[in-house]
2 protein chains.
Amino acid sequence: MNDETVKGLLRKAGLKVTNQRMMVLDIIASHPAEHLTAEEIYDLAKVNSPEIGLATIYRTVQVLLDLHVIDKVTFDDGFTRYELNGEESASGHRHHHAICTGCGKVYSLESDLLDSLEEEVMEKLGFLVTNHEVKLYGLCSECRKKNEKKEVMNREEREK
Amino acid sequence: MNDETVKGLLRKAGLKVTNQRMMVLDIIASHPAEHLTAEEIYDLAKVNSPEIGLATIYRTVQVLLDLHVIDKVTFDDGFTRYELNGEESASGHRHHHAICTGCGKVYSLESDLLDSLEEEVMEKLGFLVTNHEVKLYGLCSECRKKNEKKEVMNREEREK
DNA sequence: CTGATTGCAAATCATTTGCAGTCAA
DNA sequence: TTGACTGCAAATGATTTGCAATCAG
């Protein structure tokens, strides 16, 4: 989805194409996989437009959410984050996230392996799935290595 | 998991077994699949203990979260909700939720169909999944029926 | 022009925290 | 007895809102 497409969506919705709106969109688009918070978007926006207000960021992400241009994500750290909607994936479904409980790093996954789960829900509950959100919590390879080292150290400590 | 088990967990953690803590636990346990908010737990607690404070609810759910007796869930409505940890399911993994975008009702699912996804993440990223959270958004059978009716009405309206 | 949008500051509202009194062990 | 726990009220911090000025169409 490019700027022009979004401009079209804005107009179709009877909304105006403003510098602030396009700037927020571009900031989110140019930081893929970074899951920016409103405050982070605000700080980046201020670099080129120091007069912009934080309220504008909040109002703009709401507009972009309504247009399904972006999606909301949270990783239980008290912040709402925003990312481009993965509309490319025919299904319209969002991608998944793997969150490391060790270092907090977030990995984005593209796999769409929930089809069988969604079919099951349709059959058993008559529930039609239109979107999903998957978060995997665990340890990334780096943190697993660190943990192993720590365990070795603890063992040596104990065996003293 | 019963009261006695939790009392044991509290003692093992060097924490005290208080009426407030057991009451909050019992309220959450006796409202399965209702995904209570702190405020809702507070209102239910006040029925029998009008002097209890909301801060105690927040502090208590934090303790129960630390002990992995309960889990946190959010459905993007601005509230944090709490539910008993589905520790029964050998894997220690949480169950899934299907959230109706029509009426907001939440269905709990027990299926554990993410194994292949988790294996893939392990192979490709070296990321070890220890827990996951799955939310399916869509329309429940009731709301689908309502939508169909509405569509028929719209069509009739258009064809006038 | 003119209503939508913005920036600012003040308001909201869920959650957290300090503190003095209370209670479990 | 005594440190952990609780209730209360005040503080915090992300997000929202009212309003006058500004801007897109």
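Reckoned from all heavy atoms, side chains included, excluding hydrogens, waters and symmetry mates. To find a chain, count down the sequence lines: A is the first, B the second, and so on, and within it residues start at 1.
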Side-chain donor-acceptor contact under 3.5 Å, A:Glu83 with A:His97: yes

Check: D:dG25 base within 3.5 Å donor-acceptor of A:Arg11 side chain: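 By the distance-only test, no, there is no pair.
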
Side-chain ion pair, A:Glu4 and A:Lys7, N-O less than 4.0 Å: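 A salt bridge links A:Glu4 with A:Lys7.
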
First of B:Tyr42 and B:Gly14 reached from the 5' end of DNA chain D, by closest nucleotide: B:Gly14

Given DNA chain D, 5'-ward residue of the pair B:Val17 and B:Ala55, judged by closest heavy atom: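 Whichever sits nearer the 5' end wins; that is B:Val17.
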
Does [N] have OP1 or OP2 under 4.0 Å away from a side-chain N or O of [X]?
{"X": "A:Thr80", "N": "D:dT15", "result": "yes"}
{"X": "A:Tyr58", "N": "D:dT16", "result": "no"}
{"X": "A:Gln20", "N": "C:dG7", "result": "yes"}
{"X": "A:Arg21", "N": "C:dT5", "result": "yes"}
{"X": "B:Thr18", "N": "D:dT6", "result": "yes"}

Flag if over 12 foreign heavy atoms under 6.0 Å of NZ, A:Lys46: yes

Co-membership, hydrophobic cluster, residues B:Leu84 and B:Leu10, 4.5 Å side-chain: yes

Within this structure, what is the [atom1]-to-[atom2] distance between [X] and [N], rounded to whole angstrom?
{"X": "B:Ile52", "N": "D:dG7", "atom1": "CD1", "atom2": "P", "value": "5 Å"}
{"X": "B:Lys46", "N": "D:dG7", "atom1": "NZ", "atom2": "P", "value": "12 Å"}
{"X": "A:Arg59", "N": "C:dC8", "atom1": "CZ", "atom2": "P", "value": "11 Å"}
{"X": "A:Phe79", "N": "D:dG13", "atom1": "CZ", "atom2": "C1'", "value": "9 Å"}
{"X": "B:Ile57", "N": "C:dA14", "atom1": "CD1", "atom2": "P", "value": "15 Å"}
{"X": "A:Met23", "N": "C:dT5", "atom1": "CE", "atom2": "C1'", "value": "14 Å"}
{"X": "A:Gln62", "N": "D:dA14", "atom1": "CD", "atom2": "P", "value": "18 Å"}
{"X": "A:Leu65", "N": "D:dT15", "atom1": "CG", "atom2": "C1'", "value": "13 Å"}

Minimum heavy-atom distance between A:Thr74 and A:Thr80, given as atom pair plus value: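 Taking every non-hydrogen atom into account, CG2-CA, 3.8 Å.
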
Sugar-phosphate only, base, or nothing, as touched by B:Glu51 at under 4.0 Å among non-hydrogen atoms: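 Sugar-phosphate, backbone atoms only, no base.
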
Toward the 5' end of DNA chain C, by each residue's nearest nucleotide, B:Leu54 or B:Lys16: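 Result: B:Leu54.
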
DNA chain C: 5'-proximal contact among B:Gly78 and A:Leu15 (nearest heavy atom): A:Leu15

Selection residues 102-130 of chain A - residue pairs positive for ring pair (Phe, Tyr, Trp, His ring centres under 6.0 Å), sequence neighbours left out: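 Matches after skipping sequence neighbours: A:Tyr107-B:Phe127, A:Phe127-B:Tyr107.
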
Side chain B:Thr101, main chain B:Gly138, donor-acceptor under 3.5 Å: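 Yes, B:Thr101 side chain to B:Gly138 backbone: donor-acceptor pair under 3.5 Å.
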
Atom pair CZ/CG of A:Arg21 and A:Asp3 - distance to nearest 0.5 Å: 14.5 Å

DNA chain D stem ranges, 3 or more consecutive Watson-Crick or G-U pairs under 3.5 angstrom: C:1-25 with D:1-25

